[in-house]
Engineer: 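So that we are looking at the same thing, I have put the structure below in structure tokens.
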Protein chains: 2
Amino acid sequence: MATIQDVAKEAGVSVATVSRVINGSSKVSPKARKAVLDAIRQLNYQPNLLGRNLRLMQTKMALVLLPTISNPFYSMIVKGMEDVAHKNGYNVMLCNTNSDVSREKVYLELMKNRLADGVIFLASEMSEEELSQIAMRFPVVQCCEYKEEARASHVSIDNKAAAYMAVKHLIKQGHRKIGLISCENSFISTKQREEGYKIALEEEGILVDLSLIKHGDYGFRSGIRAMNQFFIENNVPTAVFCISDSMAIGAIKSIWAKGLKVPKDIAVMGFDDINFASMYSPGLTTIAQPQYDLGCVSMELLLKVIGGEIIEPQTIYLEHELIIRESTLG
Amino acid sequence: MATIQDVAKEAGVSVATVSRVINGSSKVSPKARKAVLDAIRQLNYQPNLLGRNLRLMQTKMALVLLPTISNPFYSMIVKGMEDVAHKNGYNVMLCNTNSDVSREKVYLELMKNRLADGVIFLASEMSEEELSQIAMRFPVVQCCEYKEEARASHVSIDNKAAAYMAVKHLIKQGHRKIGLISCENSFISTKQREEGYKIALEEEGILVDLSLIKHGDYGFRSGIRAMNQFFIENNVPTAVFCISDSMAIGAIKSIWAKGLKVPKDIAVMGFDDINFASMYSPGLTTIAQPQYDLGCVSMELLLKVIGGEIIEPQTIYLEHELIIRESTLG
DNA sequence: TTGTATGCGTTATCAC
DNA sequence: GTGATAACGCATACAA
């Protein structure tokens, strides 16, 4: 494999000149430039970035930690991150953590070992303390999920306002007995969506009934189980707000199994607007997050932190949107 | 940031000894080892892999190029690749190509620039010629999709046999007029699934009727459109075999829109067994690929190619499975 | 068992 | 404009 030395020799110039041609860093005579370019082509030279990165002490690589690539919700977010990164000469390294702290830490080693310039977390399992520690020493941005107390920037929607809007929509359809299928986790979005649900009810003078709040794990099956609970307890709401689309689809399956119809007997709404929400029958009413923009803004922020333009942690909220489909229109 | 020099000074030994302790490469006296370990802890030292990689001319990093992370089909494959990679001290770099050749090439530059030791392609858009060129110079494995003529290893199922099995199942259910919703692309899997479809029909003495073959793009909407074609042309089969689950779900939606039932009026089967296939109502009959194993075997193969254990291109087929659910049982 | 010295491929500083 | 050369952090051949 040809090195910059070989190119210099072939072109009859010094390595410094070759480097200057490659990086356009300063003036080079047309004659020397041509000689270098010819030599590069001749030798099929590819710069070895290991050398450059070592010298520059940077890798133009950004880590993106996500719990799973099988959640379609992340796909557009990642696209946004990649587009912004590429526009700025950066590459993105996607890392599947499986919501496993130890796996997160393995990947973070890559940054600690200078193989990446910064990291974006999409739902970390680490403690606020650990996150703050890392953010003190390296460029860190949190996207969608975040730790409130961590001293690190974050970009997300206002989950409380979004859940509030969702429940208000159900109330407007005439529902008073509204169930919630939430999750038992420590995600800030969960906490905030529950808050939004409660505030919307209280504002209408509806008492928050804890027996109408069930829990799943975001997944389809857990949505079935949670909805079944209502039937088992013989305490069935006329509308159910699920904090994920997959659970909402599970809830619908459970409702059908009882011979009931959606939305005629029970209205169901989800959260996230995954692709499948519109593919389903009935189309699923849900809250759409600006996924692509969340990705773009997160990466822009990270690049600024890497560049040293931003020192203090930033908080950025983007707009969400209520998408009304058949599952709540009855 | 502390370097190996700092550690050496702190421990009162040479950098060589520190390096030896870190890599366990040769004998070090217990006393020196302890001094080094203490110094490392003291200084919170993290080796800079840029230096090591440059010196060793390897990165312990594998590139995985996939057309999109939003296709749930890839998720378990990637998991398998990651598990094997991690077990062998390797990291995986997921790269979203969006089925864009230029994007593929950008990522391949990372390998050409020595930032990765090898690459696994999941559905490349490059020509066989280009692929062969790259495989000549770098470790390359193709997973699931592959170019027949490319001189590079590949791991996949036997798509022809799988499609054959699928259509045979429909025939066994009593169907004779069986439609195919395929894709207009150059993927080998497409070609082979079409072949399997034809062979299964011919074997039963059923003439292959080209008007019963429609095309989509793997996606849900294209499944609707393709199925609609049958209705528009007033040439409706009693069973439809779709080469992707998403198209199958689209086909079902189209059938429902005509007031017909699945499988009572028309049986539908898919391919891939994505998670959603079992979540849907009716559950979708489909062909399951051993996704996790495909990933594992591909990565094992790549590591062997990187290690120089394998020189000649290998071809490995894994077993598929027919998953029978309600969408064809009527 | 340990230390010295060299080089991996690149960029940047300086002197010319 | 150009070239010689010193880093960047690490691993290792060789010498001791």
Side-chain angles (χ1 to χ4, degrees), chain A residues 1-40 43-61 89 109-117 138, chain B residues 1-40 43-61 89 109-117 137:
Chain A
M1 291 252 151
T3 72
I4 199 170
Q5 311 277 351
D6 303 324
V7 175
K9 194 178 295 177
E10 175 76 18
V13 298
S14 72
V15 292
T17 299
V18 177
S19 177
R20 281 191 272 258
V21 169
I22 293 171
N23 300 300
S25 46
S26 77
K27 294 272 157 244
V28 176
S29 70
K31 189 181 144 208
R33 154 166 284 108
K34 184 181 175 334
V36 168
L37 259 20
D38 286 347
I40 287 178
L43 299 172
N44 195 13
Y45 167 71
Q46 296 268 147
N48 182 328
L49 293 191
L50 293 176
R52 171 184 299 174
N53 290 347
L54 175 60
R55 177 60 226 235
L56 264 30
M57 278 307 227
Q58 55 146 20
T59 57
K60 295 268 184 190
M61 187 82 77
E109 288 298 302
L110 293 178
M111 181 169 66
K112 292 183 179 170
N113 291 331
R114 319 316 190 292
L115 257 33
D117 297 344
F138 300 96
Chain B
M1 292 250 152
T3 73
I4 199 170
Q5 310 278 353
D6 303 325
V7 175
K9 195 178 294 175
E10 175 76 19
V13 298
S14 73
V15 293
T17 300
V18 177
S19 177
R20 283 190 271 256
V21 170
I22 293 172
N23 299 302
S25 48
S26 77
K27 294 274 157 239
V28 176
S29 70
K31 189 180 144 207
R33 155 166 284 107
K34 183 181 176 335
V36 169
L37 260 18
D38 285 347
I40 287 177
L43 299 172
N44 195 14
Y45 168 71
Q46 297 269 147
N48 182 329
L49 293 192
L50 292 176
R52 172 185 301 172
N53 290 347
L54 175 59
R55 176 60 226 245
L56 263 32
M57 277 308 217
Q58 56 146 15
T59 58
K60 296 269 183 188
M61 187 81 77
E109 287 298 303
L110 294 178
M111 183 170 62
K112 292 183 179 170
N113 292 330
R114 322 311 191 292
L115 255 34
D117 297 342
R137 297 171 51 206

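Throughout, protein chains are lettered first and strands after them, A, B, ... in sequence-line order, and every chain is numbered starting at 1.
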Engineer: Run the side-chain donor-acceptor check on residues 48-60 of chain B: report pairs under 3.5 Å with partners two or more places apart or on a different chain.
Structural biologist:
| residue | atom | partner | partner atom | Å |
| --- | --- | --- | --- | --- |
| B:Asn48 | OD1 | B:Leu50 | N | 2.7 |
| B:Asn53 | ND2 | B:Leu49 | O | 3.3 |
| B:Thr59 | OG1 | B:Met61 | N | 3.4 |
| B:Thr59 | OG1 | B:Asp117 | OD1 | 2.9 |

Engineer: To the closest 0.5 Å, what do you measure between CD (B:Gln5) and OH (B:Tyr45)?
Structural biologist: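 Reported value, rounded in 0.5 Å steps: 9.5 Å.
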Engineer: Mind listing the closest non-hydrogen atom pair of A:Phe138 and B:Met1 along with its distance?
Structural biologist: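 Heavy atoms of A:Phe138 and B:Met1 come nearest at CZ-CE, 4.1 Å.
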Engineer: Just call it for A:Arg20: base, sugar-phosphate, or nothing, with non-hydrogen atoms closer than 4.0 Å on any strand.
Structural biologist: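 If one applies the 4.0 Å heavy-atom cut-off, A:Arg20 turns out to touch a base.
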Engineer: Contacts to DNA chain D from residues 50-58 of chain B, heavy-atom cutoff under 4.0 Å, which residues?
Structural biologist: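 Result for residues 50-58 of chain B: B:Gly51, B:Arg52, B:Arg55, B:Leu56, sorted by number.
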Engineer: For residues 11-19 of chain B, which residues have at least one heavy atom under 4.0 Å from DNA chain D?
Structural biologist: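 Going residue by residue through residues 11-19 of chain B, the ones with a heavy atom under 4.0 Å of DNA chain D turn out to be B:Ala16, B:Ser19.
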Engineer: If you pin A:Met1 and A:Ser25 to their nearest nucleotides in DNA chain C, which one's is more 5'?
Structural biologist: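 Residue closer to the 5' terminus by nearest nucleotide: A:Met1.
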Engineer: In chain order, what residues pass the salt bridge (Lys or Arg N to Asp or Glu O under 4.0 Å) check against B:Lys34, with sequence neighbours excluded?
Structural biologist: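 If we apply the salt bridge (Lys or Arg N to Asp or Glu O under 4.0 Å) test to B:Lys34, skipping adjacent residues, the hits are B:Asp38.
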Engineer: What is the first contacted nucleotide of DNA chain C and what is the last, in 5' to 3' order, if contact means an atom lying under 4.0 angstrom from a heavy atom of chain B?
Structural biologist: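 On DNA chain C, the outermost contacted nucleotides are C:dT1 to C:dG9.
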Engineer: Specify the angle, to 10°, made by the local axes at the two ends of the helix from C:dT1-D:dA16 to C:dC16-D:dG1 when five pairs are taken at each end.
Structural biologist: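 It comes to 40° between the two terminal axes.
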Engineer: Counting only heavy atoms not in A:Lys112 (residues, nucleotides, ligands), do more than 12 fall under 6.0 Å from its NZ?
Structural biologist: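 More than 12 heavy atoms, drawn from other residues, nucleotides or ligands, come within 6.0 Å of this atom.
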Engineer: Name every donor-acceptor pair, under 3.5 Å, that has one atom in a side chain of residues 15-24 of chain B and the other anywhere in the protein, sequence neighbours excluded.
Structural biologist:
| residue | atom | partner | partner atom | Å |
| --- | --- | --- | --- | --- |
| B:Thr17 | OG1 | B:Ser14 | OG | 3.4 |
| B:Ser19 | OG | B:Asn23 | ND2 | 3.4 |
| B:Asn23 | ND2 | B:Ser19 | O | 3.0 |

Engineer: Distance under 4.0 Å to a non-hydrogen atom of chain A counts as contact; along DNA chain D, which nucleotides mark the start and end?
Structural biologist: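 Range of nucleotides within reach of chain A: D:dG1 to D:dG9.
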Engineer: What residues form a side chain to side chain donor-acceptor pair (under 3.5 Å) with B:Gln46, not counting sequence neighbours?
Structural biologist: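 Side chain to side chain donor-acceptor pair (under 3.5 Å) check on B:Gln46 returns A:Glu109, A:Asn113.
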Engineer: For B:Ala39, enumerate each residue passing the side-chain contact (heavy atoms from CB on, under 4.5 Å) test, keeping only those at least two apart in sequence or located in another chain.
Structural biologist: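 Here the qualifying residues are B:Val7, B:Glu10, B:Ala11.
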